[in-house]
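Some notes on the structure that comes next.
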Amino acid sequence: MKFIISNTDSKSNARCGELHVDSGVIHTPIFMPVGTVGSVKGVHFRELREDIKAEIILGNTYHLYLRPGMEVIQQAGGLHQFNGWTKPILTDSGGFQVFSLNHRRKITENGVKFSSHIDGSVHEFTPENVIDIQRIIGSDIMMAFDECTPYPATEEYAQTSMQRTHRWLARCYNQWQETIPLYGKYQSLFPIIQGSTYPHLRRQSAEFVASFDFDGNAIGGVSVGEPTELMYEITELCCNILPKDKPRYLMGVGTPANILECIGMGIDMFDCVMPTRNGRNAVLFTRNGIMNMRNEKWKHDFSPIDEESNLYVDREHSKAYLRHLFINGEMLGSMIGSLHNLHFYLWLVKEARKHIEEGDFASWKNEMVKKVSTRL
RNA sequence: GGGGGGAUACCAGAGCGGUCAAAUGGGGCAGACUGUAAAUCUGUUGGCGAAGCCUUCGGAGGUUCGAAUCCUCCUCCCCCCA
C-alpha cells in the first residue's frame, strides 16, 4: 500500500492525496459506501461505478461470515469475484457488532461469542479468526478486531475495554504477519483507536496504535451517541497523535457536516450508513440542506430533486414525484434516495479535495457546513 | 309482502349504562436514524388550551343522578324467505 499526500491545507489540518492498493487508487479524503453483506443496499454496482463514482466500498466480517458463509465466498474466489466489485474493498471486523448486537454476545479475553441474529447459533470471533475470515473475503483493507465501546462508558470500563482491544490488536497483528492473501493481492490491516470519551485513554490508545507502524490507522468508538462536540474533540486529539504520512480513517462518521469538519482535522477516510439508510427512509442530503421527502411541502413541487446536480435522477425526477414514491412505499423511492445521497457524499468529498488543492478549504468548509446542515 | 341485521372519529372496525374524546388497523401529519438485526422505528391524528373546558358515536324525542350503550319514532343500508 502506498499513500501519497499531494496537498495540505495551510489553515487547517486537511490534506488530500492518493491511496494506492492492489485493487485500485483511492483519492482522499474519501467517503466509502457501506455494503455490509456485499451489497450497498438499494444501489446497483453499475450506479456505484458510473454515477456515484465510488472508489472503495465496505463489507462486514460478521455478516458475511454468517451469510453466505466462508465456504461460498472462498469458492467464489473472494468477495470481489462474488459480487463483481473489482475496486477496493474494506471490511469491518465485526467490532461494531460487539456494540450494536451487545444483547446477543459475550466478551471474554479470547474473543466474542455471538448468538447469531439470524438463527441464534453461537459463533466465536477471535482476533485470529477475524483475520482469517478477512483473508477469505479478500478485502484490500482489513480491520483489527476491537470492541466499539458504548457511550456513555465509565472510565473504568472504557479502560478495561480499550486495553483488551489493544491485546487483541497485538494478536491481530501476529495473525496478519503469519498468514498470506489467498488471491494474490496485498491486504492491509488497520488498527482501531478506542478509549471512549476520555482524552487520556484516547491519547494512550492512539500512541499504542501508532507504535505498530501499520499502513493506516482508524479511530473507532465515535458517533455512538456522544455529543458532536465531544466527537470532534476526540477526533482532533487522535489526529494529532497519529502519524501524518499514514491514512486516517474515522469509522462510522457521519453527517455531511461531520465529514467536512473532520476532513479539516486531517481525516482521510469515512464510512457511514447514513446516506443509504436515510436515503432509503426519505431523507435527502443536498448541497443546500436536508430534505425529508415525505413532507407535505413537496407535494406540489415539480422542480428537479437537485437542479445543480449532474446525477440523472436528480435532474430528471421532481421532488413531488419522489415524495409520491415514498408516500406509496415504492422501492424506487428508496433506490433514488440512496443513489442521490451517495452521489452527494462522493461529490462533497471531491469538492473538499478540490478546495484543499486550491488552498481555500477552510473558508469553503465553514460556508458549506452551514449550508448542508440547513433543514429545507 | 314476511323475517332478520346494521348505521361509531378521514376509512375499516371494537365498545353495548358510569373508569369513553371512545380499543385496534389503515390512511394523514411530523420526527428519528452516524464502522446496517433497519425498504425500519417513534410520536401525533375532534376543538381551544398548562391543568382543564367545550362539541362528538345516522336524526328527533324519551328513561336515568349519568347514554355511543336502554326505549319510541324517523331516515338510510345489508341479508334471508316469497
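Below, chains carry the letters A, B, ... as their sequence lines are ordered, and counting in each starts from 1.
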Rounded distance in Å between the C1' positions of B/U40 and B/C78 = 41 Å

Got a sec, which residues hit ring-ring contact (aromatic ring centres under 6.0 Å, His included) with A/Trp347, two or more places apart in sequence or on another chain?
-> A/Phe344

Partner set under salt bridge (charged side-chain N to carboxylate O under 4.0 Å, His left out) for A/Asp268, not counting sequence neighbours = A/Arg15

Can you sort out the partners of A/Ser93 under side chain to side chain donor-acceptor pair (under 3.5 Å), two or more places apart, ordered by chain and number?
-> none

Protein and nucleotides 9-12 of chain B: nitrogen or oxygen contacts under 3.5 angstrom:
none

Qualifying ring pair (Phe, Tyr, Trp, His ring centres under 6.0 Å) pairs with a residue from residues 214-270 of chain A, counting only residues at least two apart or across chains | A/Tyr173-A/Phe214, A/Trp176-A/Phe214, A/Phe212-A/Phe214

Will you find, in the side chains of A/Gln187 and A/Arg135, an N or O donor that is under 3.5 Å from an N or O acceptor?
-> yes

Can you give one letter per nucleotide of nucleotides 29-35 of chain B, 5' to 3': B if a protein heavy atom sits under 4.0 Å from the base, S if only from the sugar-phosphate, - if neither?
-> SSSBBBB

What are the residues of residues 102-134 of chain A, sorted by number, that bring a heavy atom to within less than 4.0 Å of RNA chain B?
-> A/His103, A/Arg104, A/His117

Just jot down the salt bridge (charged side-chain N to carboxylate O under 4.0 Å, His left out) partners of A/Asp215, sequence neighbours excluded, or say none.
-> none

Gap in Å between the two P atoms, one belonging to B/G61 and one to B/U69, rounded | 14 Å

If a pair satisfies ring pair (Phe, Tyr, Trp, His ring centres under 6.0 Å) and one of its residues is in residues 43-63 of chain A, list it, with sequence neighbours excluded.
-> A/Tyr62-A/Phe114, A/Tyr62-A/His117, A/Tyr62-A/Phe125, A/His63-A/His117

Residues two or more places apart in sequence or in another chain: which of them pass side-chain contact (heavy atoms from CB on, under 4.5 Å) with A/Lys370?
-> none

How would you list all residue pairs meeting side chain to side chain donor-acceptor pair (under 3.5 Å) that involve residues 66-85 of chain A, not counting sequence neighbours?
-> A/His80-A/Asp140

Sequence neighbours left out, what passes salt bridge (charged side-chain N to carboxylate O under 4.0 Å, His left out) with A/Glu226? Give chain and number order.
-> none

Side-chain-base donor-acceptor pair under 3.5 Å for A/Ser100 and B/U36 = no

